[in-house]
Structures are given as structure tokens and as C-alpha cells.
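Working notes, beginning with the structure itself.
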2 protein chains.
Amino acid sequence: MHRLFPSLRIDVNSGLYVKDPESSDLGKRIVSEGILLIHELGFESFTFKKLGLKIGSNESSLYRYFENKHKFLLYLTSWYWGWMEYKLVFTTHSLPDPMEKLSTAIQILTATTEEDGAFTHVNEVVLNKIVINEFSKSYLTKEVDEENRNGYFVIYKRLVSRISEMIQQVNPDYQYPGALASTLLEGALHQHYLKEHFPQLTECGSSTSPAEYFLDLIQRSLS
Amino acid sequence: MHRLFPSLRIDVNSGLYVKDPESSDLGKRIVSEGILLIHELGFESFTFKKLGLKIGSNESSLYRYFENKHKFLLYLTSWYWGWMEYKLVFTTHSLPDPMEKLSTAIQILTATTEEDGAFTHVNEVVLNKIVINEFSKSYLTKEVDEENRNGYFVIYKRLVSRISEMIQQVNPDYQYPGALASTLLEGALHQHYLKEHFPQLTECGSSTSPAEYFLDLIQRSLS
DNA sequence: ACAAAATGATAGTAATACTATTATATTTGC
DNA sequence: GCAAATATAATAGTATTACTATCATTTTGT
């Protein structure tokens with residue numbers, strides 16, 4: 001996929017960074033190594049000091065790119081959803097049949113991320129794992145309403161809207177397209193988490209994928 | 001409901017506390033006021049020092065009841081799910097029709113909590129709000145597998161199993177009873193969160209409840 | 001070559017998340 | 001009713017976190 005748009009850039013809300021990390025080598029290293037370190041330590045134990053140490057840079061330098069680790073997480077997850085949106089729009093754009101379009105969308109959104117490499121400094125496979133483990137923490141905060149007003153969640157919201165619209169195209173009479181779309185996005189992350197840590201709670205696992213479950217669920221809901 | 005079993009006790013895993021908070025006045029105050037303070041400050045800003053101040057007790061005394069605030073959260077959420085399980089089993093026990101049983105279960109699990117007062121020192125309405133906002137943080141950690149092995153999530157898992165079995169009773173051919181049950185429990189919390197903070201992402205709101213959406217979703221899925 | 005910008009080094013602060021110790025209440029068992 | 005046991009309070013102390021501020025050094029663009 002990366003050969004098609006070599007200069008593609010995902011437009012994350014500029015309030016999420018102090019200085020654009022795409023604008024320098026250090027910024028890119030913060031992002032790429034930050035992804036790996038959050039994955040390794042978990043978000044709670046992750047600190048800028050540790051990241052500075054890992055990339056051989058000074059803690060104070062990292063603060064010139066991101067105000068704090070919460071905004072860093074918002075940046076990474078926004079980037080992830082922007083990347084998903086790009087894949088979704090690109091792949092489904094030319095599909096004429098609404099159900100085929102929606103099915104393709106579900107597959108993209110619920111699949112385990114494979115190597116992509118469109119953005120050399122971002123390891124999308126690890127980023128996907130971070131999103132599964134940490135995305136909820138980015139909005140389950142006391143500051144959510146203000147941050148929402150600041151536009152920090154626009155990409156995610158737009159993505160839910162897109163799915164919602166696809167659902168309406170398939171069945172204009174269905175009463176809960178938004179609820180179903182939001183259940184799909186959030187539920188997909190949840191099923192991936194369960195298959196890793198609570199396998200007894202779901203059929204999703206080695207032989208059945210979250211994609212199959214959600215495809216079935218949505219087909220039944222809209223028929 | 002509280003008049004039926006005045007001496008009912010919810011059996012939370014004893015590894016979650018150092019000293020049983022039900023065993024003393026101070027313990028009960030830690031729980032009751034702790035619920036209010038977490039709701040007020042959010043889990044990130046909540047500390048034992050602040051709670052000690054609020055209840056006029058010493059920080060060090062709180063540590064004699066709970067190792068840390070993470071275990072305190074696990075205790076509170078376990079208690080909540082135990083309470084939900086009790087309501088669920090009690091209410092659905094005598095229902096002979098599987099679909100009626102499941103529908104009743106869905107209503108209990110997705111409803112907004114109203115005053116109960118079965119347990120005088122626990123404000124279940126506020127606790128329900130805490131669960132919506134903070135439950136995910138209790139398991140989205142690096143320690144989840146060990147804590148799962150310790151049995152800290154048994155009540156929640158048993159609850160998912162119960163729903164899963166109800167689903168199987170309604171439609172034995174349905175392939176994803178566990179996935180659907182876990183989607184329901186987690187999705188219900190999520191829809192409640194969305195209607196509060198991201199109302200544009202869901203139809204659930206003042207005129208439509210999460211209960212209606214999930215009842216419809218599950219009926220469609222199992223027919 | 002020079003100024004400006006970026007980065008690094010160091011230091012400092014208030015708060016967090018505890019642990020340890022000792023003192024004072026309170027309860028209970030006889 | 002009193003001593004012993006238990007519970008709670010008070011105080012102090014530690015390492016870490018999450019920053020901010022200042023100044024030095026390196027890199028860069030023209």
C-alpha cells in the first residue's frame with residue numbers, strides 16, 4: 001500500500017503536539033521508539049525520562065514535542081485512526097455494492113494488523129497492540145469533554161460516522177446505525193484483548209477471528 | 001430489593017484487600033467515601049492521602065485495608081459485578097422462557113442504576129458511574145494475566161458465562177455466545193459513556209436507551 | 001562565518017505512592 | 001475493672017514522577 005502515496009501524511013490535530021514530530025529526526029524517533037516503549041512497559045509505567053534514555057536524548061527535549069504522556073498517547077491513537085481511515089476509504093471507495101462495502105470495512109477495522117511499512121518510522125503492528133491496550137485510557141478521563149471540544153477525537157468520530165453511513169446504505173430502516181458502528185469499533189478492540197487475556201470469554205481465537213464474529217453480527221442485524 | 005436478604009454479603013476475592021473493609025466502621029467509610037471521591041476526581045487524580053483527608057483518617061490507616069488504589073478499584077468493581085450477578089440471578093431465576101430470561105438479563109445489565117440501598121454504605125448509583133468510567137482501567141494493565149490467575153476477575157467472568165449460557169438456551173445454533181455476551185457487557189458500559197460524552201456517536205440518549213438497542217441487537221442476532 | 005534554532009545538561013519543585021516507626025486510642029477477654 | 005491485644009493516628013522518610021527553568025552546546029540555514 002505504501003507505494004501508492006509515498007508522501008502521504010496523516011493530519012493529526014496540531015493541539016496534540018507542541019512541535020510537529022514529523023518535522024525532525026528526533027521527533028520521528030520519539031514516535032517510533034515511544035510506540036515500542038509503551039508496548040513494552042504499558043502506558044502507566046511509561047515515562048518521558050525512560051524514553052529519553054532509550055533514544056539517547058534528554059527528557060527536556062521530549063517535552064518540546066509533547067506536553068505530557070497523555071497527549072502523546074492521544075497523538076499516537078489519533079494517528080492510528082487516521083491511518084485506518086485512510087485504508088478504509090481507499091479500499092472501499094470504488095465498491096458499488098453497499099453490503100460489500102460494509103463487509104470490507106468491517107474486515108479492515110477488525111483484522112489484526114499485518115506489516116504495512118507505509119510510514120517507515122511507525123511500526124503499525126505494535127501501534128495496533130497499543131491501541132488495543134491503551135486507547136480507552138485516552139478518553140476515559142475527567143478532561144474528555146474539553147479535549148473533545150478541542151478536536152482531539154475528530155478522526156475517531158469521523159471514522160464512526162463513516163461506518164454509520166455505510167450501515168445506513170445497507171439498511172436505511174435500521175434504527176441504531178451509530179450505536180452499531182461504535183459497538184463495532186470498540187468491540188473489535190475488546191475482542192482482540194479478550195482473545196489474548198480472557199480466552200474463555202469469547203469464541204474469537206486461533207480458529208475464529210473477530211472479523212468473522214462481527215461480519216456475522218452485522219449481517220444478522222441488518223437483514 | 002434489600003428487604004429480602006438483609007444479611008447478604010458480596011463475596012469479593014480476599015486477595016483484593018489486606019483487611020476486610022466490611023469488618024469495621026473505618027473500612028466501610030473507606031469504601032463509601034472512596035466511591036464518592038473517585039467519582040469526583042477521576043481515578044487518576046484519586047489518592048489515598050486525599051481520601052484520608054476526606055474521611056478524617058490517616059493515610060497509613062488506609063494502607064491497612066488496601067495495598068494500593070489499583071486493588072481498591074478492583075475491589076469496588078468486583079463488588080459491583082457481584083451485586084449485578086445477584087440481581088440477575090434473583091430476577092431471572094424463576095423465568096421459564098429462555099428469551100424472556102435473556103431479555104430480562106439484558107435489561108438489568110444495561111439499565112442505568114437507580115437507587116437501591118441494599119447495602120447502606122455503598123452508593124450503587126455512583127458506583128455504576130465509576131464502573132462506566134474506570135472499569136476498563138482495572139484490566140488494561142501489564143499485570144492482567146497474573147491478576148486473572150489470582151482470581152481477581154472471577155465474578156465478572158462468571159457473569160459473562162451466565163449470559164453466554166442464556167444466549168445458548170435461546171439459540172443453541174448460534175456460534176458466538178461468548179463473544180456476544182462479552183460484547184453486551186462491555187458495550188453497555190461504552191454506550192452509557194458515549195451518550196454522556198460523545199452523543200453524536202450513538203442513538204442512545206434521552207429517548208432511546210442502551211437497553212433498547214441491545215435488546216434489538218440480540219433479538220436480531222438470535223432469530 | 002554568523003545568527004538562529006534545536007538539543008543537551010543540570011538543577012529544582014511539588015506531588016505521588018508508598019514504608020517504617022512510634023504513639024495513642026479502643027476493644028476484648030478474663 | 002484492668003491488662004493485653006488490636007486498631008488507628010502521627011510523623012518522618014524514600015524513590016519516583018511529572019514536570020519547569022536556566023544555561024550551555026551543537027546544528028542549521030544563508
Side-chain angles (χ1 to χ4, degrees), chain A residues 14-34 37-38 40-76 121 134 137-138 140-143 146-147, chain B residues 14-34 37-38 40-76 121 134 137-138 140-143 146-147:
Chain A
S14 63
L16 291 177
Y17 48 79
V18 183
K19 177 179 175 175
D20 183 3
E22 303 270 355
S23 71
S24 75
D25 261 19
L26 179 60
K28 285 176 194 159
R29 275 175 63 70
I30 290 171
V31 169
S32 63
E33 298 293 310
L37 195 60
I38 289 176
E40 190 186 319
L41 303 177
F43 187 65
E44 282 71 35
S45 300
F46 169 85
T47 69
F48 279 179
K49 192 169 190 182
K50 291 173 185 169
L51 180 54
L53 214 74
K54 185 184 172 95
I55 66 178
S57 181
N58 201 273
E59 190 189 2
S60 61
S61 303
L62 308 208
Y63 280 101
R64 292 207 187 83
Y65 285 88
F66 295 99
E67 265 181 58
N68 51 51
K69 71 173 179 173
H70 174 243
K71 289 221 172 159
F72 185 47
L73 179 62
L74 283 172
Y75 177 89
L76 294 177
H121 67 294
E134 323 289 1
K137 298 169 192 168
S138 77
L140 293 172
T141 69
K142 279 284 163 187
E143 296 77 32
E146 199 197 328
E147 294 184 346
Chain B
S14 65
L16 292 177
Y17 48 79
V18 182
K19 178 179 174 174
D20 182 3
E22 304 269 353
S23 71
S24 75
D25 261 18
L26 179 60
K28 284 176 195 160
R29 277 176 60 71
I30 291 171
V31 169
S32 63
E33 298 293 310
L37 196 59
I38 290 176
E40 191 186 319
L41 303 177
F43 187 65
E44 283 71 35
S45 300
F46 168 86
T47 69
F48 279 179
K49 192 168 190 185
K50 291 173 185 169
L51 180 53
L53 214 72
K54 185 184 172 95
I55 66 178
S57 181
N58 202 273
E59 188 188 2
S60 61
S61 302
L62 308 207
Y63 280 102
R64 290 208 190 79
Y65 285 87
F66 296 99
E67 266 182 59
N68 51 52
K69 70 172 180 173
H70 174 242
K71 288 221 173 158
F72 186 46
L73 180 61
L74 283 171
Y75 176 89
L76 294 178
H121 67 293
E134 322 290 0
K137 299 170 192 168
S138 77
L140 292 173
T141 68
K142 279 285 163 187
E143 297 77 30
E146 198 196 331
E147 294 184 345

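Quantities reported herein were computed from a predicted structural model and do not represent experimental measurements. The figures here come from the full heavy-atom set of this structure, side chains too, leaving out hydrogens, waters and symmetry mates.
Within a 6.0 Å sphere centred on NZ of K49(A), other residues, nucleotides and ligands contribute 12 heavy atoms or fewer.
Shown here for K137(B) and F43(B), the closest heavy-atom pair between the two residues is NZ-CB, 4.5 Å. Nearest approach of P21(B) to F66(B), heavy atoms of both residues: CG-CZ, 3.6 Å.
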**Report entry** Residues K142(B), L41(A); criterion side-chain contact (heavy atoms from CB on, under 4.5 Å); working and verdict
**Finding:** CA-CA 7 Å; K142(B) 279 285 163 187; L41(A) 303 177; 6.0 Å; no

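What separates CZ of R29(A) from C1' of dA6(C) is a distance of 16 Å, to the nearest Å. Distance L51(B) CG to dC18(C) P: 14 Å, rounded to the nearest Å. The distance from atom NZ of K71(B) to atom P of dA17(C) is 16 Å, rounded to the nearest whole Å. Residue F48(B) contributes atom CZ, which lies 12 Å from atom C1' of dT16(C) at whole-angstrom precision. If you measure from atom NZ of K49(A) to atom P of dT10(C), you get 12 Å, rounded to the nearest angstrom. Atom NZ of K69(B) is separated from atom C1' of dA17(C) by 9 Å (rounded to the nearest Å). Atom CG of L53(A) and atom P of dA9(C) are 11 Å apart (whole Å).
Screening residues 54-63 of chain A for side-chain hydrogen bond (donor to acceptor under 3.5 Å, both in side chains) gives N58(A)-S60(A) as the qualifying pairs, with residues at least two apart or on separate chains.
Below 30°, between 30° and 60°, or above 60°: for F46(A) and F48(A) the angle between ring planes is above 60°, a perpendicular geometry.
Running 5' to 3' along DNA chain D, contacts with non-hydrogen atoms of chain B at under 4.0 Å begin and end at dA7(D) to dT11(D).
Distances were taken from every side-chain heavy atom of Y63(B) (C-beta onward) to each of dC18(C), dA9(C), dT7(C); the shortest belongs to dC18(C). Comparing dC18(C), dT7(C), dT16(C) by their nearest atom to the side chain of Y65(A) picks out dT7(C).
Side-chain N or O atoms of K50(A) include one that pairs as donor or acceptor with a backbone N or O of S45(A) at under 3.5 Å.
The 5' end of DNA chain D is approached more closely, in terms of each residue's nearest nucleotide, by G27(B) than by the other of G27(B) and R64(A). Along DNA chain C, the nucleotide closest to S60(A) and the one closest to N58(B) are compared, and the more 5′ of them pairs with S60(A).
Among the atoms of the strands shown, base atoms are found under 4.0 Å from some heavy atom of E59(B). Looking at heavy-atom distances under 4.0 Å, E44(B) makes no contact with the nucleic acid at all. Using a 4.0 Å heavy-atom criterion, one finds that S61(A) contacts the bases of the nucleic acid, with or without backbone contacts as well.
Dashed line: the shortest gap from a side-chain N or O of K19(A) to OP1 or OP2 of dA6(C) is under 4.0 Å.
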